[in-house]
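Let me begin by presenting the structure, written as structure tokens, before commenting on it.
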Amino acid sequence: MSPVRESLRSVWSEPRAPHSPRRTRTDWVILAAFAVIGCLEAAFRSDLPWRAASLFIGVGLLPTLLWRRTRPLLMVVIAFGLVTAKNIAALVAGSGSPGLHAMAYLLLLPYSLFRWGTGREATIGALILAAAASVGMISTQAKPGDIVGGFAVVLSSMALGAAVRYRDRVRLRELDEAKLAERERLARDLHDTVAHHVSAIAIRAQAGLAAASARPEAPVDALRVIADEASRALGEMRTMVRILRRDEPAGLAPSPRVSDIERLAGASAAGPSVEVKLTGSFDDVPSSVSAAIFRLAQEAITNARRHARHATRIDVDVTADGASVRLRVTDDGHVVRARHPASRGYGLVGMIERAELLGGTCHAGPGPERGWTVTAVLPRNGRST
């Protein structure tokens with residue numbers, strides 16, 4: 001199969017863009033604004049033939065904007081089909097057919113077609129748009145320069161929609177890669193923890209066997225330790241099997257724990273100083289939760305040092321109770337506005353992914369007074385419900 005034919009088939013089979021919003025408050029504002037503009041233009045424009053028909057079509061097609069994301073091809077067919085019918089009628093009647101200038105809102109339809117529609121819809125819609133534009137140019141007896149300009153405007157609208165669609169696809173792919181990378185890091189931590197427990201079981205079993213002849217109670221003591229280590233290892237393993245992981249070599253060193261967060265405290269040439277406060281008992285917190293709290297704190301501190309403007313202090317507060325382990329990281333930098341979820345950094349996406357994999361939550365946003373605040377809550381037992 002030739003490359004051109006393969007490209008055409010790929011375009012034709014392109015699926016609909018995901019997460020298309022149905023209606024927003026902006027849509028209603030646009031409708032109201034263009035309705036007012038269209039009525040004023042129809043009332044005061046002196047060179048407008050078929051005034052009533054032009055007003056009816058110009059204002060009557062505004063509702064197509066409400067379904068331009070979910071039904072882009074149908075809205076293009078309705079809007080440009082009706083406009084083309086009006087132009088053909090004017091051409092047959094021998095009168096000019098300039099429409100309302102307010103109908104420039106129709107350019108949102110080709111944009112939405114290429115932004116949200118399937119490849120099949122975009123291909124069919126492009127042919128309809130080309131036919132409608134051609135009839136419009138003929139009916140208005142447009143000059144060559146106007147024809148070139150008109151087609152350029154429509155093509156620009158379609159190209160902009162395709163460009164935004166491609167950019168959004170790249171963004172979603174990068175977000176998925178960030179989530180996958182965080183799953184791999186979490187799985188690696190859990191792998192190291194399980195390997196550490198298994199190594200301890202093997203060593204204890206060998207020690208019990210070696211001491212059995214001299215101390216008859218040694219195997220019993222060894223079995224108690226082995227049972228405890230095996231129970232922990234099985235708990236970690238149940239968590240690990242839920243997580244995707246590529247085959248990579250991993251060491252046998254234990255994963256970082258909550259107590260290791262204290263190593264992050266102190267002044268740094270890379271940014272503000274860090275103050276760490278640990279409250280509660282962390283002795284029986286599973287390694288998966290303990291390592292996750294450390295990673296979340298580490299990522300939050302790194303982000304604060306990189307992005308907190310004029311910050312002088314970062315406070316890390318970790319609290320454990322019978323049900324959960326809570327992390328709160330704040331800085332005293334300048335207040336920043338909340339960002340849209342789509343604009344969040346990949347580090348934050350990874351933090352949220354790690355917390356959710358363990359059945360917890362993670363949130364980040366502007367603090368009540370200054371700076372940025374990251375909060376995370378993980379179940380103490382380390383298992384998602």
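Grouping the Ile, Leu, Val, Met, Phe, Trp and Tyr side chains by contacts below 4.5 angstrom, directly or via other members, places W116 apart from I30. No single ILVMFWY cluster, assembled from side-chain heavy atoms under 4.5 Å apart, contains both I57 and L40. In the hydrophobic clustering of ILVMFWY residues, with side-chain heavy atoms under 4.5 Å counting as a link, V325 and L264 come out together. No continuous path of ILVMFWY side-chain contacts below 4.5 Å connects V164 to V154, so the two sit in separate hydrophobic clusters. Put simply, L31 and L61 are part of the same group of oily side chains (I, L, V, M, F, W, Y) that touch within less than 4.5 Å, one to the next.
Annotation: the span from I314 atom CD1 to R305 atom CZ amounts to 5.5 Å, rounded to 0.5 Å. The CE atom of M158 lies 13.0 Å from the OG atom of S112; values are rounded to the nearest 0.5 Å. Considering CG of L100 and CG of L55, their distance stands at 6.5 Å, rounded to 0.5 Å. Note: D315 CG to D331 CG = 9.0 Å, rounded to the nearest 0.5 Å. Separation of atoms OG1 (T118) and CD1 (I124) is listed at 7.5 Å; rounding is to 0.5 Å. Here the CG atom belonging to L82 is positioned 9.5 Å from the CD1 atom belonging to I78, to the nearest 0.5 angstrom.
Side-chain atoms of N303 never come within 3.5 Å of backbone atoms of A300 as a donor-acceptor pair (strictly under, hydrogens ignored). When atom types are taken as modelled, the side chain of R380 and the backbone of D321 share a donor-acceptor pair closer than 3.5 angstrom. Of the possible donor and acceptor atoms, one in the side chain of E41 sits under 3.5 Å from a partner among the backbone N and O of A102. Using a distance-only test at 3.5 Å, with no hydrogens or angles considered, a donor-acceptor pair links the side chain of Y105 to the main chain of G58. Formation of a donor-acceptor pair under 3.5 Å by the T312 side chain with backbone atoms of P272 is not found in this model. Judged by distance alone, the side chain of R328 and the main-chain N or O of T319 form no donor-acceptor pair under 3.5 Å. S157 places no side-chain N or O within 3.5 Å of a backbone atom of P110 that could act as its donor or acceptor partner.
Applying the salt bridge (charged side-chain N to carboxylate O under 4.0 Å, His left out) rule to pairs touching residues 52-62 yields nothing, sequence neighbours excluded. Within the structure, salt bridge (charged side-chain N to carboxylate O under 4.0 Å, His left out) contacts touching residues 53-70 (residues at least two apart or in different chains) are D27-R68, D27-R69.
The shortest non-hydrogen separation linking L296 to A376 is CD1-CB, 3.8 Å. The minimum heavy-atom distance linking A364 with W372 is given by the pair CB-NE1, 3.4 Å. Across every non-hydrogen atom of A265 and V276, the tightest pair is CB-CG2, 3.7 Å. The minimum heavy-atom distance linking F114 with A126 is given by the pair CZ-CB, 4.1 Å. For the residue pair F80 and L106, the shortest heavy atom distance occurs at CZ-O, 3.8 Å. Across all non-hydrogen atoms, the minimal contact from A320 to S281 is CB-O, 3.6 Å.
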Evaluate the side-chain contact (heavy atoms from CB on, under 4.5 Å) criterion for residues I293 and V285: first the C-alpha distance (whole Å), next the side-chain angles of each, then the deciding distance (0.1 Å), finally the verdict.
CA-CA 11 Å; I293 290 293; V285 173; over 6 Å; no
Could you give me the CA-CA distance, side-chain angles and deciding distance for E121 and V76, then say whether side-chain contact (heavy atoms from CB on, under 4.5 Å) is met?
CA-CA 10 Å; E121 290 173 336; V76 166; over 6 Å; no
Does the pair L66 and W28 meet the rule for a side-chain contact (heavy atoms from CB on, under 4.5 Å), with working shown?
CA-CA 8 Å; L66 298 176; W28 296 104; 3.7 Å; yes
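Here the side chains of R16 and P72 are in contact, with some heavy-atom distance below 4.5 Å. Considering only heavy atoms from C-beta on, V316 comes within 4.5 Å of L327 through its side chain. Annotation: side chain of S54 is in contact with side chain of K86 (closest heavy-atom distance under 4.5 Å). Residues F151 and S134 meet the side-chain proximity criterion, which asks for heavy atoms closer than 4.5 Å. By the 4.5 Å heavy-atom criterion applied to side chains, L109 and L113 are not counted as neighbours. Side-chain contact between C362 and V374: present, with at least one pair of heavy atoms (C-beta onward) separated by less than 4.5 Å. Here the side chains of L73 and R120 are not in contact, with every heavy-atom distance at 4.5 Å or above. Under the 4.5 Å side-chain criterion, counting only non-hydrogen atoms from C-beta, V258 is in contact with I261.
R23 forms a cation-pi arrangement with W67, by the criterion of a distance under 6.0 Å to the ring centre and an angle within 45° of the ring axis.
A 6.0 Å sphere centred on CZ of R165 holds more than 12 heavy atoms belonging to other residues, nucleotides or ligands.
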